[in-house]
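Single-structure report; data block below.
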Amino acid sequence: MVSEMESGHIEEMDIEVLPSMWPDDVGTDAGKQFNVEKPKGDQDMLEEVTIIDDATIVDFKRLLELTNYTETGSSQLAYLVKHWEYKQANAVRLLREELDILSKQREEVELKKLEILEEHRFEEERYGGDKRPISILDEVYDLWQDVPRRKNDVIVQNKRVEIDAEYDTVVYWKQRAMHLEKLLEASTQREQILIEKLQESIKDLERQSSPVEELSQILKRADNFLHFVLQNAPVVIGHQTIGINYMGMDVTDQVRKRERMAKLREEIAVQKAKETELNKTIHITEETMRAKQMLATMSHEIRSPLSGVVSMAEILSTTKVDQEQRQLLDCMLSSGDLVLQLINDILDLSKVESGVMKLEATKFRPRQVVKHVLQTAAASLQKILTLEGHVADDVPVEVIGDVLRIRQILTNLISNAIKFTHEGKVGVNLYVVPDPSSVKGEGCHQKLTADESTCSANGRKEEKCLSTSRTIGDWKGTHGQRHIEGPCQNHPSCDEPRTPHKSKVSVDGDNEEQPHSPETKVWIRCDVYDTGIGIPETALPTLFKKYMQVSADHARKYGGTGLGLAICKQLVELMGGHLTVSSQEHCGSTFTFVLPYKVSTASDHSDDPDELSDMADHNAATDEATERFFQFQPRTLGSLFSSNGSSRTNMGYTRSHKLNGFSDNSYSFPSNSVRSKETASVEEACSVVDDAETLCQPESSSSHSPDPANRDTVCRGKQCQDDTSSQFQNPIIDSTHHKETSREVAVVAKTREPQGTCQRQEKSDASSQCISSSSTEVPKSTLKPKILLVEDNKTIVMVTQSMMKLLGHSIDVVNNGVEAVCAVQHHNYDLILMDVCMPVMDGLQATRLIRSFEETGNWDAAVKAGIDQALLSLDSLQNGLGSTPSAMRRPIIAMTANALAESADECLANGMDSFVSKPVTLQKLKECLAKYLPS
Amino acid sequence: MLGLGMDRLRADMNRLLALLFHQGVLDEQFLQLQQLQDESSPNFVSEVVNIYFHESEKLLKNLRALLVEREFSDYKKMGIHLNQFMGSSSSIGAKRVRNVCVAFRAASEQNNRAGCLRALELLEHEYCYLKNKLHELFQIEQQRVLAAGVRYPMHN
């Protein structure tokens, strides 16, 4: 822009100035030349310029004319032009330089400005970074406003300086320069405005960008914030809601995570705790198991020497000892028994607890069990107590259950009752209760009446039958179906006068009846009551716990381990029943257990010799089958030892021999053998009574051989009494009768004896023989039971043989199962002791073969099993045993070195009756003989 | 003189028996055995024990033979032998021998050869010990019987 203006001016000057300036030309030119060389001047020079201005224009015109005429002029002109051009170029150059300087300065300024700007921005940023963002923001804006103002001032000052410098050079150019200066100034002002605008726009930009910055800052803060949240949350929360929101989100997330973490940790901790607990439990369980095992082993270990001691003492008691020694021995035996019992308790408990205990299902008679338990209790009774037992008529004669365990429970409860009762009585009530789960129908009751009628059709026993059933009716309105049993049992007795064949028919009749009620369950409730000290209510909860007694006082006073009830409860529960107690302090307690029993079915009656004998048993002992009341009156303490001794020492031996005598007869006369059995049981039943009575009898208790006769008579007398006085209205009355009868009869025993016998003979032809044999001791030599020992181990053979000899038996010995089968074929053995592990044929197989023979009557199974026909001489089969397969079931007792439950099960499963664990001891043999030789 | 010797011998015997009982070599079954000895069978105990020794030596031999067969030890047969051994040991009251038999049988049931070998060693040791002691006992008894002339007192 400046250069254009300059060229315009120059053209105007050419036209006007040249002609006028012509005469003085050279001088001025020279002067100009000089002046040019002295560019600096004052205000005066400017005035001169204005004067010269007009003259110059004239000179120029003339100059042009002159140049047309003279070459010198033209050369002068050219020179002048050149000079002018030079000057012009010089001015242009200067101006350009100025402009350059200006622009440079401007650039510098701008640079500076930028620097300052940047500096400030940096400052601001630093500030913002350093300090808390919120408080900073305002200050930052203040700074921005200050900075641009200062900058403006600086720029204006610089301009003025530049103008001054230009002014000095040439007046004209000075004016131009001034003009330019003004323009420049304007432009700079514009520039400034622009800059300002720029700045404003920058500011605007900043303002516009500030939200972004803010946002970013907020974000930053958010970051910081979180830190701060962690460090000091309250400051932050106070300020910004957004922050809080953000934080809220974050925190909740975090919280969730944290919660989850905590939960996980918790779970892990719980898991770990569980694991450790489990480990502990496992450990404890293992330990417990080991301890129990240990306990069992130890008990076992203790038991065997102890049984040694006890059996030795028993043997000692069989030798001749005087009264004092006997008393001592009895004491020794009873305490030995006590310890044995205790150890057995512990063993039982550990067995039940470890689940090893297995229940056996055997047929038994509840009445007998009650009687025997009471009898046993009475025998060892050392107090003046009355023991009594009521058995309701609806209780079946025979049921199936684990008789040993039930006996154990009953014994335990009764002995407990006796222990805590000082006067009064201890008793047992047995009666049928409806199934706790489902009450059964009453259709059976009608069947009962039908039975009655059949009964009454039979011989002279009908009255008895009727009376029995009437009593049932009186005593209890409704009955379970077991009533059938009562009358059923009477059948054989009705048939007694008939031939054995007929009696078998009656058994069949029984079988026909049974199918109406195939294997059924009957729930029998047993109450054991006493009039003892009772149990305080506080002690009831812990009553059934192990090693718990009502109080330490009681423990000291009454002794015992506190295991009994725990065992009872466990056993009862094991059998599917329950045991409860009700008690009143100082008045007495009643323990009640309800147990389900299976009722023996028809199949059980089949050909089982035992069963047969049982059936026949009822002939002679109808009263026993349906007996409802037992009572054992207190004895004086004085008779204690003698009676104890006699029962213990003599009963075992003499009775067994005596009874053994019948076993031979029993094949042909089942009823007879049974008869003897009955005698035995009655004898047992009466033994205590007898013992009591012997005091008033001339005979001493030690002389036994006449006793059985007395007892027999007693029983028979009792039976007579039953026959004649069949008008019992209820068991209580019955009981009194019973008692009185037996006593009365005992007193008049001798006088009535023949009568009783006669009566008997009337009833049965066969029985005469029995009676005679039962009343007189049968010589050992002729009527010894035959015992077979099947054992391959010579040592054991020898020991057992010798023991048997000591017990008064001689035995046959064979060495393996095959030989055993052959031996059984040739002889009738009353008892077979069978080793389980044997060469050639083991005991289990041999037993199976024997059983199969007993069932089928032939030895097909044995032949099949590979036993030589020659060995099994079939002739002897027909001749020897009698071809009736059901002749008898031989008791086979396993002898096993594995006294473990499973091997016992195996034995029983294979048809064995029982087992004796090795080593065989006198005690075991004796028990075994007592149990399985006819009794 | 005779009477004194008898007393001493009886005391010796009792001491020896007491020792054996204390050590657990014998148990009360042995007493039962002695119990069975009477006038009709004056040497019952020694007879039985001799039979036992005879049988046991056979059994031990068999057991060792079975175990020596490296690859093919018939553990079932071993179990049968052991059962027998156990039965006879328990019936004469050789308690420790019986216990070792139990352990031996357990090992054989697990087919534990090393255990069986160990048990066999132990069994042989116990058996020898028992045999020596019982021989000693019978010797004393014999002397005592000699000293007592023809009397065979029962051990009651």
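Every chain is numbered from 1, with letters handed out A, B, ... down the list of sequences. All of these numbers come straight from a predicted model, not from anything done at the bench.
In this structure, CZ on Phe44(B) lies 8.5 Å from CD on Gln801(A), to the nearest 0.5 angstrom. Between the CD1 atom in Ile80(B) and the CG atom in Asp842(A) there is a gap of 10.0 Å [rounded to 0.5 Å].
Closest non-hydrogen pair, Gln32(B) versus Leu922(A), comes out as OE1-N, 2.9 Å. The two residues Ser91(B) and Val799(A) have their closest heavy-atom pair at O-CG2, 3.8 Å.
Near-neighbour residues of residues 50-57 of chain B relative to chain A, defined by a heavy atom under 4.5 Å from a heavy atom of that chain, comprise Ile51(B), Tyr52(B), Glu55(B).
Heavy atoms of Gln29(B) lying under 4.5 Å from chain A belong exclusively to its side chain.
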